[in-house]
Amino acid sequence: MPILNILMFIVSPIFAWIIHNYLTHGDMSGKRKVFFLGLYVVLMNALVFGVSYIRGVKGLSFADMTMSYKLKYIGLGCVLGFIVPFPICLLMEDKITVGGLKRYTKKFTGDFKRFIPYAIRSAKSDLNAEVRGSLLDWLWWMIEPLCTMLIYAVMFGLVFKASEDYFPAFIFIGITMWSFFSRSVSGAVNMVRANKHIITKVYMPKYILLLSKMFVNWFKMMVSFGVTVCLMIVLKVPFNISVIYFVPIMLALFMFTFGVGCIMMHYGVYVNDLSYITGIVLNMLMYLTGTFYNVEKRVPAPFGEILNQCNPVAFLIKSMRDSLLYGMAPNWGMLGIWCFISCILIALGAFTVYHNENAYVKVI
């Protein structure tokens with residue numbers, strides 16, 4: 001496939017160049033943009049081929065490359081595309097310095113400690129307001145995902161003959177984790193506009209508003225996981241030491257969601273239609289995430305395995321199912337990679353919010 005052969009060498013450089021341009025806020029001349037694009041074409045392919053060489057691939061014969069190798073080549077390049085622009089910018093961009101990085105890090109940690117009590121109090125208030133006057137009160141937080149699980153369990157368990165062990169719990173874990181991610185990201189898009197009455201009167205880092213919303217969704221997710229434990233008992237799932245992996249997997253999900261949410265929150269201020277686009281994309285991603293099926297079994301090889309690793313939410317859902325239901329440890333290498341990428345997304349999001357937050361009030 002000639003197109004895929006070309007994409008192998010240009011996707012990761014373009015991706016790295018976009019991140020570089022993002023870090024500099026597009027403040028580069030045309031010549032510098034061309035220079036850095038050429039630099040990333042050479043550098044990114046050298047790095048990816050170097051990793052491939054270390055792992056035993058000694059040449060670049062397209063005839064000998066499998067589809068799986070080509071897709072993994074592109075995927076590894078995109079992962080490195082997140083990382084490489086940071087040291088390049090520190091070395092070659094005068095406006096981005098180690099001192100500036102330390103200053104932003106100090107400001108982020110200081111603001112986080114200062115405003116986190118507000119985010120917690122705001123989340124508690126939202127939770128109380130949500131069930132105030134409701135007949136079943138907080139039970140709705142269990143009833144909704146349970147009903148959704150029953151619908152999918154009937155559809156995929158009986159109609160489509162799904163064969164996964166402990167299928168009701170299998171589906172419930174997927175729905176619970178996906179709901180946290182999708183609700184947090186979709187809510188982030190209109191976060192600034194929805195809280196206009198707050199941000200025009202008092203100062204706070206705008207990502208604190210996102211944290212408050214995420215705490216609400218996090219609490220609901222924990223309630224749903226309580227139901228998951230009950231399902232595991234009913235289904236006689238054997239409990240073992242692998243349940244402790246629940247903590248790092250949840251931490252990775254929270255970090256990745258927060259990083260994506262910060263970036264979506266920024267662009268939601270300027271693009272009014274972004275909420276509609278986000279809804280469509282999330283609906284598509286839900287079916288590519290394996291919320292109610294096993295991606296590796298249902299998607300033909302090698303695409304299933306690659307999709308399961310390159311889609312972080314799919315990877316985390318599978319890791320949680322393996323840990324809670326099947327007594328298996330997660331892939332620590334991939335989990336570490338996605339945690340690292342999540343840290344980069346958080347840094348990009350916080351950097352963007354700090355750089356633009358004074359303009360938000362004018363726009364809304």
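All values below come from the heavy atoms of this structure, side chains included, with hydrogens, waters and symmetry mates left out.
- Using a 4.5 Å cut-off on side-chain heavy atoms (C-beta onward), M92 and F35 make contact.
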Pair L345, F258 - check side-chain contact (heavy atoms from CB on, under 4.5 Å), show working.
CA-CA 8 Å; L345 287 172; F258 180 57; over 6 Å; no
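- More than 12 heavy atoms of other residues, nucleotides or ligands sit less than 6.0 Å from atom OH of Y270.
- A donor-acceptor pair under 3.5 Å links the side-chain atoms of Y326 to the main chain of D165, judged by distance alone.
- A donor-acceptor contact shorter than 3.5 Å is absent between the side chain of Y245 and the backbone of G327.
- Residues M284 and I280 fail the side-chain proximity criterion, which asks for heavy atoms closer than 4.5 Å.
- Between F180 and W218, the ring planes lie perpendicular to each other; the angle is over 60°, past the 30° to 60° tilted range.
- Within the 4.5 Å cutoff, no side-chain heavy atoms of L285 are placed close to those of V313.
- Not a single donor-acceptor pair under 3.5 Å links the side chain of W17 to the backbone N or O of F36.
- Note: F181 and W178 have tilted aromatic rings, judged against thresholds of 30 and 60 degrees for the angle between ring planes.
- Remark: R32 CZ to L37 CG distance equals 13.5 Å, nearest 0.5 Å.
- The environment of I241 atom CD1 is sparse: at most 12 non-hydrogen atoms of other residues, nucleotides or ligands sit within 6.0 angstrom.
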Between N195 and V192, is the side-chain contact (heavy atoms from CB on, under 4.5 Å) condition met? List the steps.
CA-CA 5 Å; N195 291 274; V192 175; over 6 Å; no
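- When all heavy atoms of F108 and Y354 are compared, the closest pair comes out as CA-OH, 3.5 Å.
- Going from atom OH of Y40 over to atom CD1 of I19 covers 9.5 Å, rounded to the nearest 0.5 Å.
- With hydrogens and angles disregarded, a donor-acceptor distance shorter than 3.5 Å links the side chain of N331 to the backbone of M334.
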Please step through side-chain contact (heavy atoms from CB on, under 4.5 Å) for the pair K318 and F315, ending with a clear verdict.
CA-CA 5 Å; K318 180 181 183 302; F315 169 75; 5.9 Å; no
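- Between Y166 and I173, every side-chain heavy-atom pair lies at or beyond the 4.5 Å cut-off.
- A centroid separation of less than 6.0 Å is found between the aromatic rings of F15 and F82.
- Remark: Y22 OH is packed, more than 12 non-hydrogen atoms of other residues, nucleotides or ligands lying under 6.0 Å away.
- Side-chain atoms of N283 come within 3.5 Å of backbone atoms of G279 as a donor-acceptor pair (strictly under, hydrogens ignored).
- For P85 against A16, the heavy-atom pair with the smallest separation is CG-O, 3.4 Å.
- When the shell of 6.0 Å around NZ of K206 is examined, it contains more than 12 heavy atoms from other residues, nucleotides or ligands.
- Side-chain atoms of R183 and K220, non-hydrogen and from C-beta on, do get closer than 4.5 Å to each other.
- Of all non-hydrogen atoms in R321 and T291, the two that sit nearest each other are NH2-O, 2.7 Å.
- Taking all atoms of both residues into account, the shortest heavy-atom contact from L316 to A252 is CD2-CB, 3.9 Å.
- Residue S242 comes nearest to S323 through the heavy atom pair OG-O, 2.6 Å, listed as atom of the first residue, atom of the second, then distance.
- Proximity of P13 to N45: side-chain heavy atoms (C-beta onward) are separated by under 4.5 Å at one or more points.
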Quick one: do L23 and L348 satisfy side-chain contact (heavy atoms from CB on, under 4.5 Å)? Show the steps, please.
CA-CA 8 Å; L23 290 171; L348 288 173; 3.3 Å; yes
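- For the atom pair SG (C78) and CD1 (I341), the distance works out to 9.5 Å, reported to the nearest 0.5 Å.
- Side-chain atoms of T228 come within 3.5 Å of backbone atoms of S224 as a donor-acceptor pair (strictly under, hydrogens ignored).
- No side-chain heavy atom of M264 sits less than 4.5 Å from a side-chain heavy atom of M191.
- No donor-acceptor pair under 3.5 Å is formed between the side chain of S212 and the backbone N or O of L209.
- Closest approach of C310 to W338, counting heavy atoms only: O-CZ2, 3.4 Å.
- Inter-residue side-chain proximity for L47 and V84 is flagged as met; some heavy-atom pair is nearer than 4.5 Å.
- Atom CZ of F239 has more than 12 neighbouring heavy atoms from other residues, nucleotides or ligands inside a 6.0 Å radius.
- Taking the six-membered ring where the residue is Trp, the centroids of F292 and F167 are separated by 6.0 Å or more.
- In this structure, S179 contributes its side chain and T176 its backbone to no donor-acceptor pair below 3.5 Å.
- Ring centroids of F225 and F172 are separated by 6.0 Å or more, keeping the two rings apart.
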